[in-house]
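As structure tokens, the structure follows; a few thoughts come after it.
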Amino acid sequence: MWVLTNVPRAKKRPPEGARVARRGVVTRYRAWVRHHRASAADSLLKILDHPVSSMLTWLVVGIAMALPVSLMLTLDNLRGLEGSVADEASLSLFLAESVDTAAARALAQTISERDDVAGVRYHSRDKALEEFREQSGFADIIDGLGSNPLPHLLLVTPRDRTSVAASEDLAAALSGLPAVAEVVVDSAWLRRLQGLLAVGERIVLTLALLLSMGVVLILGNTIRLAIENRREEIRVVRLVGGSNAFVRRPFLYTGLWYGVGGGVAAAMLTALGLWSLGGPVSALAAAYDAEWSLSGLGIVGSCQLVLAGGVLGLVGAWVAVSRHLRAVEPA
Amino acid sequence: MISFERVSKRYDNGHDALREVSFDVNRDELVFLTGHSGAGKSTLLRLIMLMEQPTRGRVVVNGNDLSRIGRRGVPAHRRGIGVVFQNHRLLFDRPVFDNVALPLTIAGYDDREVGRRVRAALDKVGLLDHERAMPVTLSGGEQQRVGIARAVVGRPPVLLADEPTGNLDPALSAEIMQLFADFARVGLTVLIASHDLSLISRLRHRIVTLREGRLVGTH
Ligand SMILES: Nc1ncnc2c1ncn2[C@@H]1O[C@H](COP(=O)(O)OP(=O)(O)O)[C@@H](O)[C@H]1O
Ligand SMILES: [Mg+2]
């Protein structure tokens, strides 16, 4: 139609290239948005066209992401436990035998005035013997002793309860006092837990890094196959003037969708694991009379996980596209 | 419109596909490029498409020296050229309409304009009622006409065709060539590579002949 009816005008018409160049920025922007939308939709439809293989990809990505995330959650929950353990952290100061009651009280007062001390409880040797007598059932033997063999005891609570280093510094300072025979730090447990948590954090971090790389490689490979399958299409698109960005876009969206789907799968797997642990954990907590329950990812955490999946998918697609698309030159 | 100035092309394997070729195709002109198989016809078209770079010499298309066009400029350059291939190179996973619409989608036209232009192009090649058909259901001649519709839908100033009738019988071939002649009449610059001398010599257009990469005649 346009070809035959406009013969005289057609000859004066400026070439198409020039007219395209003159089209406004707004028009170009609209075209750009249109192609983004079309690529996003097409890529998603192509993925959904193969539900089984797509599900498998999502599951693989989901498992790879859920693993470090669950470990991280475990660590977070243990850290909550650490807080409650720290409440009990204190130093036991056994005083020298020569220290009498008045001196012990005075010492308790002096120590409680220190900046790094939250409180001091004085436990007299008489009271200790009394308790021991009642609770141990060795009343006869204890009565048979001529004198009280137990020392005075000061229970010191450090101000900084969560820091093992602080309580150890305090212990060192206090053990230097002449009246103090021995200092027992009750933070060994805490110390071990903190050590374990630090190691665990490293392991999770390393694992997350490795598995992220794995996800990028898996998705990169998936995108590479998609590129292989659409070789001829890519060539034709290039021949009729498709830019690199145009050719790249659908593959980047494919990566994005695989990643986002993987992130959703990871969030679901994590929630599932937590749910299956929830019953036993609350039973355990009840047995210990503890108010402690597992905390999960939450809405925000789950969204972050999905986002992270999307980012990994994009990175994987980008790697594949930049490595393999160039090889598909029009021929 | 298309101008070759002492153009030589040596492939990486040392083969000289074109040697010192010079010729011009004017605006609105249809020129046939002929020669035996291996004479360098496809190579010449590939230089215009920037699928290859000349080893020596200068190619100018629509006033643009192609050696000045960088990597980033190649897509825009190709959008100004319609191409038709011997084997059509249609995308078989989508209907005729989508195949023809491809250059417009790339250029970023909106759906309404795409629909209008695709139908105009399909009408021109006589396939208006086949827009929803899948390419496999079409005959060879019809597939080639879809390829032609795709080449002209973006209204490029230049139209190239490499053996467009290579797989068609003589009657169909004549029809297709007539179609190209119509495009040249309305302002396109058309260059068609074909070794079918008996067919092209019947159409009264300029013929450029290559032999072993050399230009041996233009009449
Ligand atoms: N990519 C390539 N690498 C090396 N030699 C090539 C390549 N393409 C074509 N040739 C050679 O260049 C010569 C011209 O090829 P071509 O342009 O395809 O000729 P025609 O299209 O006229 O048949 C032939 O001898 C062919 O073998
Ligand atoms: Mg050829």
Can you confirm whether more than 12 heavy atoms, excluding those of [X], are under 6.0 Å from its [atom1] atom?
X	atom1	value
His36(A)	NE2	yes
Tyr11(B)	OH	yes
Arg37(A)	CZ	no
Asn13(B)	CG	yes
Glu228(A)	CD	yes

Shorter than 4.5 Å, heavy atoms on both sides: which option in Arg72(B), Arg119(B), Glu52(B), Arg71(B) has the most such pairs with chain A?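 Going by pairs under 4.5 Å, I would pick Arg71(B).
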Which of the residues Leu50(B), Ile81(B), Ile106(B), Asp110(B) is involved in the greatest number of heavy-atom pairs with chain A at under 4.5 angstrom?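 Option with the greatest count: Ile106(B).
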Report, in residue-number order, which members of residues 242-277 of chain A are under 4.5 Å from chain B by heavy-atom distance.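 Under the 4.5 Å heavy-atom cut-off, Gly242(A), Ser243(A), Phe246(A) qualify.
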Residue Arg116(B) versus chain A: region with a heavy atom under 4.5 Å: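 For Arg116(B), no heavy atom lies under 4.5 Å from chain A.
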Identify the two heavy atoms, one from Ala31(A) and one from Gly108(B), that lie closest to each other, and give their separation to 0.1 Å.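 Shortest heavy-atom contact: CB-O, 3.1 Å.
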Do you know the tightest heavy-atom contact between Asp93(B) and Glu233(A)?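 Closest approach of Asp93(B) to Glu233(A), heavy atoms only: OD2-OE1, 4.3 Å.
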Flag the pair Arg89(B) / Leu239(A) as yes when at least one side-chain heavy-atom distance between them is below 4.5 Å, and no otherwise.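 Yes - at least one pair of side-chain heavy atoms lies under 4.5 Å apart.
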Distance-only, no hydrogens or angles: does the Arg78(B) side chain make a donor-acceptor pair with backbone N or O of Arg238(A) under 3.5 Å?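 Yes; at least one donor-acceptor contact below 3.5 Å.
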Is the backbone of Tyr109(B) close enough, under 3.5 Å, to the side chain of Arg34(A) for a donor and an acceptor to pair up by distance?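 At least one qualifying donor-acceptor pair exists.
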